[in-house]
Number of protein chains: 2
Amino acid sequence: MKEKQFKHKQAWVKTFFHARGFKCTPQRLAVLSVLKNSPKHLSISEIHSRVREFLPKVGLATIYRTLETLEELGLVVKVHLEDGCHSYTVVSREHGHPMVCVRCNRVFEFRECPIDRMSKRLSRKTGFAIETHFLQFLGKCQDCKR
Amino acid sequence: MKEKQFKHKQAWVKTFFHARGFKCTPQRLAVLSVLKNSPKHLSISEIHSRVREFLPKVGLATIYRTLETLEELGLVVKVHLEDGCHSYTVVSREHGHPMVCVRCNRVFEFRECPIDRMSKRLSRKTGFAIETHFLQFLGKCQDCKR
DNA sequence: AATCCAATTGAGAATTTTTTTCAATTGTAA
DNA sequence: TTACAATTGAAAAAAATTCTCAATTGGATT
């Protein structure tokens, strides 16, 4: 069942890559799959070692390059934490915002963006032409808040 | 006039440091002053070289340590950009959110937080106990939008 | 003003992270 | 199948960050 889902997603991603002029490589699929199957955000080296379980000879540089590509394509985002922003998570939708549990590190997605609605108003008010925004919530998930 | 302002702020900061059990050192004052006097966000090495204009023998490690301290004290924040988050800017108020001009790098502060108001509602809606949030705007400032 | 002590610093080494280079490999369009 | 540009692996290089430790210093106490 999980396999089936994976295949299905692979097919979708393949089209997605091609439509944007990128090749669909096993390395890219693996990084994406690792992130999709992790409820928690993952650091570069965590991603690297998990990808290596499937593709043992993937180099670290490839992980860097792949994450850059996937981020550019809007498939993954950096998670910004107190001590920097070196972790990644998938985003299933445009303009969803990650809610990160500081206890278990799981990432949930908040789908309605409260900023979008007021973005124009903010621009008018401030004279600043807002192009994008970065919004992320930190807190405790249902399980962790006890 | 600029001097006077600086002196005034120094006095305030001194109290601020002492109240939290930190020493008020020339290095800390210099980093803070450099950031306060820069309309743009600054990278670690930019901060380092500007601080060196006043205190020529400050080491890079001190800049790292100082920024960590100032961030902990809520006096400065990291600016998160497309390519990472390695720049800093002062924040004049709690819960102001930076609006960063992608063209001139200047940072303006948006003082009303649209999230605060809805934070409780979001928590109720999602079951996620939101503790903090990170919000930042990217766009073009009045001067740069032409 | 002098003393003392813990906090802080400077200098450089060590470590970690990220980028670059380049030959070999590999998707995929034709 | 073939050809070619994109991608990769491996290792080196560069950059960023942290660590160590002796020396210094801010400021509380006298």
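Letters A, B, ... mirror the listed sequences (proteins, then strands); counts begin at 1.
The residue among A:Thr25 and B:Pro26 whose nearest nucleotide of DNA chain C is located toward the 5' end is B:Pro26. Comparing B:Ala61 and B:Gln27 against DNA chain C, the residue whose closest nucleotide sits nearer the 5' end is B:Gln27.
A pairwise comparison of heavy atoms in B:Arg28 and B:Lys23 identifies NH1-O, 2.8 Å as the closest pair.
Between the C1' atom of C:dG27 and the CZ atom of A:Phe16 lies a distance of 18 Å, rounded to the nearest Å. In this structure, B:Arg65 places its CZ atom 9 Å from C1' of D:dT18, rounding to the nearest Å. The nearest whole Å value for the distance from the OH atom in A:Tyr64 to the P atom in D:dA13 is 19 Å. A:Leu60 places its CG atom 12 Å from the P atom of D:dA10, with the value rounded to the nearest Å. Across the protein-nucleic acid pair, A:His48 atom NE2 and D:dT8 atom C1' stand 12 Å apart, rounded to whole Å. In this entry the distance linking CG of A:Leu29 with C1' of C:dT26 reads 14 Å, nearest Å. At whole-Å resolution of the value, CD in B:Glu68 and C1' in C:dA7 are 15 Å apart. Taking atom NE2 of residue B:His18 and atom P of nucleotide D:dG27, one finds them 3 Å apart after rounding to whole Å.
Between B:His80 and A:His80, the ring planes lie tilted relative to each other; the angle falls in the 30° to 60° range.
Judged by a 6.0 Å distance limit and a 45° cone about the ring axis, B:Arg106 is not positioned over the six-membered ring of B:Phe108.
For D:dA15, the OP1/OP2 oxygens have no side-chain nitrogen or oxygen of B:His86 closer than 4.0 Å.
The ring of B:Phe134 has its center no closer than 6.0 angstrom to the ring center of B:His97.
Which of D:dG27, D:dT20, D:dT8 sits closest to the side chain of B:Lys14 comes down to D:dG27. For B:Lys23, whose side chain is taken as the heavy atoms from C-beta onward, the closest listed nucleotide among D:dT8, C:dT18, D:dT25 is D:dT25. Across C:dA11, D:dT17, D:dT7, the shortest atom-to-atom separation from the side chain of B:Lys57 is found for C:dA11.
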